[in-house]
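Notes to accompany the following structure.
Nothing fancy with the numbering, it's 1 onward along the sequence. Every heavy atom of this structure was used, including side-chain atoms; hydrogens, water molecules and symmetry mates were not. Bear in mind that the values here come from a model prediction, so they are computed numbers and not experimental data.
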Amino acid sequence: DSMLEVNQKPLDFMYKKVLEDINYAIDHLPTKSQNADFGRLTQGMAKALKARILLNIAGYSNKEYSGAEEYNLYSKLGYTSESQLYTEARQLAKSVINDYGYKLEKNFGDVFEETNQLNDEVIFSVQYTQETKFNTNDSRVHEYGCSRNGYSLTMKKYEAVDALGLLCSDTKITASK
């Protein structure tokens, strides 16, 4: 057997745990208005992440997975249909927009302006700092973990994101105190 297959839990096990954690986060995180520290996790961010996770799960209903263990993964996670995933994802996304004060910038390019980091379009971000306790020496540290050498992101909060496979596959995550 391949070392990649030894002691591997099935995909539905991982998604069940992720959904448990994200549901807990939605119930217990502060709202955007209760959180004075920009960049901290909020209910809106958790709902946005859950919507994205549900869309990922729906992707396993694609015919290219037909015959694979992952096909129609939703049924192993307590959902009755692919449509139910899309409906919940839509409701979560609408809640993020309507209930938490997030809105699009009038000019798309303004989102990326260095002087406009604290805008209402940003649901979650990590603010750049030159303090080495938060950054590595790689100048591209805040590009979702993609770096020239494959090593970056010394902040512990990225471990959860990496577990979801949202970072580059060649990125090594390390925790720091």
Side-chain angles (χ1 to χ4, degrees), residues 2 4-35 37-106 108 111-112 119-126 142-146 153 155-173 175:
S2 166
L4 297 175
E5 296 174 12
V6 175
N7 295 323
Q8 292 291 312
K9 297 284 187 187
L11 190 60
D12 61 300
F13 176 86
M14 189 272 302
Y15 273 110
K16 283 177 187 172
K17 293 296 183 189
V18 168
L19 289 171
E20 274 178 31
D21 287 348
I22 202 78
N23 287 332
Y24 182 87
I26 290 169
D27 291 341
H28 293 90
L29 284 171
T31 64
K32 179 180 176 186
S33 62
Q34 295 170 321
N35 195 348
D37 295 329
F38 188 84
R40 296 282 186 172
L41 299 177
T42 63
Q43 286 177 1
M45 181 271 167
K47 285 183 176 183
L49 183 59
K50 183 175 181 182
R52 183 174 178 160
I53 291 166
L54 293 176
L55 294 175
N56 284 325
I57 293 168
Y60 288 103
S61 297
N62 190 301
K63 64 182 178 182
E64 70 185 50
Y65 287 99
S66 181
E69 182 181 341
E70 298 87 8
Y71 187 61
N72 287 335
L73 179 64
Y74 67 83
S75 63
K76 297 178 182 178
L77 300 172
Y79 289 91
T80 57
S81 68
E82 181 181 5
S83 178
Q84 186 183 10
L85 292 170
Y86 289 124
T87 299
E88 186 175 343
R90 183 174 188 257
Q91 290 168 343
L92 288 164
K94 283 183 135 193
S95 175
V96 169
I97 295 166
N98 297 328
D99 301 336
Y100 298 98
Y102 297 106
K103 59 186 176 187
L104 296 177
E105 289 286 307
K106 292 186 188 313
F108 176 73
V111 175
F112 305 101
N119 67 70
D120 288 330
E121 186 167 332
V122 178
I123 296 172
F124 177 71
S125 74
V126 176
H142 290 287
E143 294 182 28
Y144 292 100
C146 302
L153 299 176
M155 294 187 290
K156 191 171 181 138
K157 65 179 113 177
Y158 278 99
E159 290 178 3
V161 177
D162 185 52
L164 298 174
L166 300 177
L167 297 177
C168 297
S169 60
D170 65 343
T171 301
K172 179 179 180 182
I173 305 299

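- Distance check, rounded to the nearest 0.5 Å: NZ of K94 to NZ of K47 gives 13.5 Å.
- Residues E105 and E121 share a closest heavy-atom pair of N-OE1, 2.7 Å.
- At distances below 3.5 Å, at least one donor-acceptor pair connects side-chain atoms of T87 with backbone N or O atoms of S83.
- Expressed to the nearest 0.5 Å, how far CG of D27 lies from CD1 of I22 amounts to 11.0 Å.
- In this structure, the side chains of L54 and L19 come closer than 4.5 Å at one or more pairs of heavy atoms.
- Counting only heavy atoms from C-beta outward, the side chains of F124 and L49 never approach each other to under 4.5 Å.
- In this structure, A46 and I26 approach most closely via the heavy-atom pair CB-CG1, 3.6 Å.
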In residues 69-80, what donor-acceptor pairs under 3.5 Å come from side-chain atoms, sequence neighbours left out?
| from | atom 1 | to | atom 2 | distance (Å) |
| --- | --- | --- | --- | --- |
| N72 | OD1 | S61 | OG | 3.1 |
| S75 | OG | N72 | O | 2.9 |
| K76 | NZ | E69 | O | 2.8 |
| Y79 | OH | E88 | OE1 | 3.1 |
| T80 | OG1 | Q84 | OE1 | 3.0 |

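- Ring pair Y102/Y100 is tilted by interplanar angle, where 30° to 60° counts as tilted.
- With sequence neighbours excluded, no residue satisfies ring-ring contact (aromatic ring centres under 6.0 Å, His included) with F13.
- With rounding to the nearest 0.5 angstrom, the CG atom of N98 is 12.0 Å from the CD atom of Q91.
- Every pair passing salt bridge (charged side-chain N to carboxylate O under 4.0 Å, His left out) that includes a residue from residues 13-25 is listed here, sequence neighbours excluded: D12-K16.
- Nearest heavy-atom pair, A51 versus A93, reported as atom, atom and distance to 0.1 Å: CB-N, 4.5 Å.
- Among all heavy-atom pairs drawn from A89 and L55, the shortest one is CB-CD2, 4.0 Å.
- Inter-residue side-chain proximity for N56 and Y15 is flagged as met; some heavy-atom pair is nearer than 4.5 Å.
- Rounded to the nearest 0.5 Å, atoms CG (N119) and CG (L104) are 10.0 Å apart.
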